[in-house]
Amino acid sequence: HARAGRTIHRCYMDGQDESHLRRLALVHDLQEATERAELRLCYQPQVDAISGRITGVEALMRWDHPLLGSISPDEFISLAEGSGNVQRLTSWLINSACHQLAEWLAQGLDLRMGINVSAMDLEDPGLVARTRTAMARYGIEGKRLCVEVTESAIMHSPERAARMLKALQCMGVELAIDDFGTGYSSLAQLQRLPVQELKIDKSFMSELTPNSEGAVIVSSTIELARSLELRVVAEGVETTEVASFLAQSGCTTLQGYVYSRPLSAEAMTVWLHEHLQV
Ligand code: C2E
Ligand code: CA
Ligand code: CA
Ligand code: CA
């Protein structure tokens, strides 16, 4: 019996069918991932481009699936969006992030934390209240949190996104436009949003030779940010050469493997104590 099952299983598990089955399995298992404590947050430091001082961390979600191993948020967040699981994941995220941040603040580490939200979160009328509740529960001030939203998530429904982000701003929470340069947000749209930060997408970091696409995106984003008085964060900084180019160009904050890969909470705690002046 079991052998027959395996044969059928194998027949289905190729090509398109395999990825279809994987998606089905993941969507199913995602329902219980939070209760089963299979999600965790990794953290990656953000560094002041000039002084090298650590300014904060970005929280990046991980799903340790019991059978399939570690699954990337690039895969499971879109599945969550398609299956009504985003709210559950984001609630878990906000609570976990505030909890960890409170712990680090209590240890004397002076940090801000970036958290990623998706397009569907911006359409969730309960998000603001849940953020407020988590902040109150863990004693987190709004200025400690920065919500990272992609251009495309905002463009999905700009009016509604603007209302939501303004409500977060009223609580002191900051806003970063993530993957900046990959979408189509106009200056007019940016000015209508309570933005404090632009994050240049890592796809522009690989070749930063003069007049390359990356270099043009970097310099025009910095110019835009200057005129709107915003911070510019470069993500995906992998080499010291790129880091010094970005610092010279006027980026305010840098993030990438050259400083640290995303680390577990435990490993990041050790890293922060080694690198931060308490
Ligand atoms: P993102 O917000 O643009 O995050 C940056 C991604 O680049 C992360 O991938 C990070 O691990 C990776 N990265 C960091 N430094 C470097 C580097 O120097 N070089 C290279 N090549 N990559 C680097 P990750 O952790 O796999 O996350 C992928 C995406 O998933 C994120 O892109 C974000 O859009 C989304 N995501 C992550 N966590 C969450 C979450 O809690 N909620 C939601 N809604 N989305 C999340
Ligand atoms: Ca991000
Ligand atoms: Ca990105
Ligand atoms: Ca992204």
Side-chain angles (χ1 to χ4, degrees), residues 30 33-34 38-47 56-64 69-83 85-101 112-124 127 130-131 134 145-154 156 161 174-183 195 197-208 214 217-218 221 231-243 246 251 253-265 267-268:
L30 204 48
T34 42
E38 292 167 1
L39 299 176
R40 65 193 165 88
L41 292 177
C42 275
Y43 300 91
Q44 190 178 36
Q46 300 182 327
V47 172
V57 297
E58 178 179 1
L60 295 159
M61 203 184 284
R62 298 289 178 263
W63 180 13
D64 297 319
S70 182
I71 299 167
S72 157
D74 277 331
E75 181 174 7
F76 71 77
I77 295 292
S78 64
L79 293 178
E81 289 196 306
S83 61
N85 283 296
V86 169
Q87 185 175 309
R88 195 200 330 260
L89 294 191
T90 305
S91 298
W92 177 86
L93 162 70
I94 292 169
N95 257 288
S96 309
C98 287
H99 190 177
Q100 183 59 61
L101 184 55
R112 303 168 62 245
M113 191 180 285
I115 60 171
N116 295 281
V117 303
S118 63
M120 284 189 101
D121 289 311
L122 297 179
E123 296 176 8
D124 174 0
L127 181 77
R130 279 197 299 280
T131 306
L145 290 179
C146 185
V147 169
E148 302 191 2
V149 194
T150 62
E151 293 184 87
S152 57
I154 291 166
H156 207 249
E174 300 205 320
L175 170 65
I177 308 292
D178 211 344
D179 296 359
F180 192 78
T182 62
V195 185
E197 188 173 293
L198 304 179
K199 291 193 80 172
I200 307 175
D201 192 62
K202 61 176 183 287
S203 60
F204 302 111
M205 297 305 148
S206 46
E207 40 133 12
L208 281 176
I217 293 283
V218 166
T221 303
R231 298 190 296 268
V232 192
V233 182
E235 64 169 34
V237 181
E238 295 185 352
T239 65
T240 50
E241 289 76 20
V242 168
L246 292 165
C251 269
T253 314
L254 308 177
Q255 180 181 350
Y257 295 166
V258 70
Y259 304 105
S260 168
R261 293 195 169 248
L263 298 176
S264 69
M268 185 47 68

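Order of appearance sets the numbers: ligands from 1, and atoms from 1 within every ligand. Because only heavy atoms are used, hydrogens play no part in the values below, and waters and symmetry mates are left out as well, while side chains stay in. Quick caveat, the model's predicted, so the values are computed rather than measured.
- Judged purely by atom type and a 3.5 angstrom limit, Asp201 has no side-chain atom pairing as donor or acceptor with the backbone of Glu235.
- The nearest N/O/S atom of Glu58 to the Ca ion (ligand 2) is OE2.
- Between Asp178 and ligand 1, an N or O atom pair is found at a separation short of 3.5 Å.
- Vertex the Ca ion (ligand 3), arms ending at OD1 of Asp201 and OE2 of Glu235: the angle is 90° after rounding to 10 degrees.
- Using modelled atom types, no side-chain atom of Thr90 and backbone atom of Gln87 make a donor-acceptor pair closer than 3.5 Å.
- Here the N, O or S atom of Asp178 that is nearest to the Ca ion (ligand 2) is OD2.
- Contact between Lys199 and ligand 1 is absent, with no heavy atom of the residue lying under 4.0 Å from the ligand.
- No other N/O/S atom of Glu148 lies as close to the Ca ion (ligand 2) as OE1 does.
- Contact between Met113 and Ala59 at its shortest, heavy atoms only, is SD-CB, 4.2 Å.
- The backbone N or O of Gly181 sits less than 3.5 Å from a side-chain atom of Glu151, completing a donor-acceptor pair.
- Heavy-atom contacts of Gln44 reach the following atoms of ligand 1: 14 (C), 15 (N) (cutoff under 4.0 Å).
- In this model, no donor atom of one side chain and acceptor atom of the other lie less than 3.5 Å apart for Glu58 and Gln44.
- At least one N, O or S atom of Asp179 sits under 3.0 Å from the Ca ion (ligand 3).
- Residue contact check for ligand 1: Glu58 places a non-hydrogen atom closer than 4.0 Å to it.
- Within the coordination shell of the Ca ion (ligand 2), defined by N, O or S atoms under 3.0 Å, Asn116 is present.
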